[in-house]
There are 2 protein chains.
Amino acid sequence: MDSIDRKIIRELQKNGRITNQELATKVNLSPSPCLRRLKALEERGIIKGYSAVIDAKSYGLPLTALIRIKLDRHSEDAVRQFEDRVRRLDEVIECHVLTGATDYFMKVLVAGLEEYEEFVRKQIHPIGDINSIDSSFVYGTVKTTNVFPDI
Amino acid sequence: MDSIDRKIIRELQKNGRITNQELATKVNLSPSPCLRRLKALEERGIIKGYSAVIDAKSYGLPLTALIRIKLDRHSEDAVRQFEDRVRRLDEVIECHVLTGATDYFMKVLVAGLEEYEEFVRKQIHPIGDINSIDSSFVYGTVKTTNVFPDI
DNA sequence: CCAAAATTGATATATAATGCCAATAATATT
DNA sequence: AATATTATTGGCATTATATATCAATTTTGG
């Protein structure tokens, strides 16, 4: 992982479908070594994959909810139960365990407020052992990027 | 935007570098109409781009911070000032305006706790008009996906 | 039920990816 | 510091893929 690898990564974060030839030009290599570095990064799992960036509203999911959830109990069973159930929910785009008082943070994509309320009522509450749910909705987006800072 | 378009989108979210031929097979079309739908989705801005998914830790940014920020004043100037400055910060991967009491939510990627404290001290506080900053750190990740639910 | 429009599939051409080999550069060893 | 070893690079030939064009088919609206 040298500065050329990091540059390859940032270029691929900017444009995941750039051709190897263009990528090679951008990082000042010829196509062959550039491709070999790329394949090595994939092989090592540093590049975990590639994804299309989609406008959620156009797709039909205009509402993004950010949710903080605290559990009642923290027994191994309660935690595993919660995490297993959350992983299977297609509406959940991200879920992280946090430091501090709030146990979990999730990002959820839904069609609207009604759908969100149904999601919480039918998918989250039934998991059980939930102490509190604090929902916020995304009003507007100041910035989103997939490109990591240069280090 | 029909069910074929949505399927194309989900396949491209799973694998942004899938070849048009494979994509066509997966959505039960021949390559030509599949490519034309793809280009149309790009043209309409529904596919906003493509990006490599990178392991942040391997890249050298092992710490993800989730930050909630409230502003002191909400004058047009204070808001514009804050948002303009935030947009220029490379460490900020996402920043959203929220409903409810907390004004902004940001996801920030840094090399460690020291770097995070320096980021807050040198990049955020100097913006001014900030009422409160509430930081949480990602301990573990239960789920992350780029694939939207089937609707 | 017909006409117009949109969508589809096949084919030919252009572009890019991939594998292979020799040359170069970097690193380690004594 | 000189040499051996290893890693990395660049060019070329082959294979695979993307893209543009056109006729055929399907869908949609009156």
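All chains are named by letter (A, B, ...) in the order of the sequence lines, taking the proteins before the strands, and each is independently numbered beginning at 1.
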Mind checking whether B:F137 and B:Y116 have parallel, tilted or perpendicular rings, split at 30° and 60°? perpendicular

Flag for B:Y50-A:Q13: side-chain donor and acceptor within less than 3.5 Å: no

Rounded interatomic separation in angstrom, taking CD1 from A:I4 and C1' from C:dA26: 13 Å

To the nearest Å, how far apart are B:L35 CG and D:dA20 C1'? 10 Å

To the nearest angstrom, the CZ-P distance between B:R37 and D:dA18 comes to 18 Å

Side-chain contact, heavy-atom cut-off 4.5 Å: B:P126 with B:R85? yes

D:dT17 P sits how many Å from B:L38 CG, rounded? 16 Å

Within a 6.0 Å radius of atom NZ on B:K26, are there more than 12 heavy atoms belonging to other residues, nucleotides or ligands? no

Give a yes/no verdict on a cation-pi contact between B:R68 and B:F105, requiring under 6.0 Å between NZ or CZ and the six-membered ring centre and an angle within 45° of the axis. no

Strand contacts (DNA chain D) in residues 14-34 of chain B, 4.0 angstrom heavy-atom criterion: B:T19, B:N20, B:Q21, B:S32

Kindly say if A:K39 contacts the phosphate of C:dT18, meaning a side-chain N or O under 4.0 Å from OP1 or OP2. yes

Cationic N near anionic O, under 4.0 Å, A:D2 to A:R37: yes

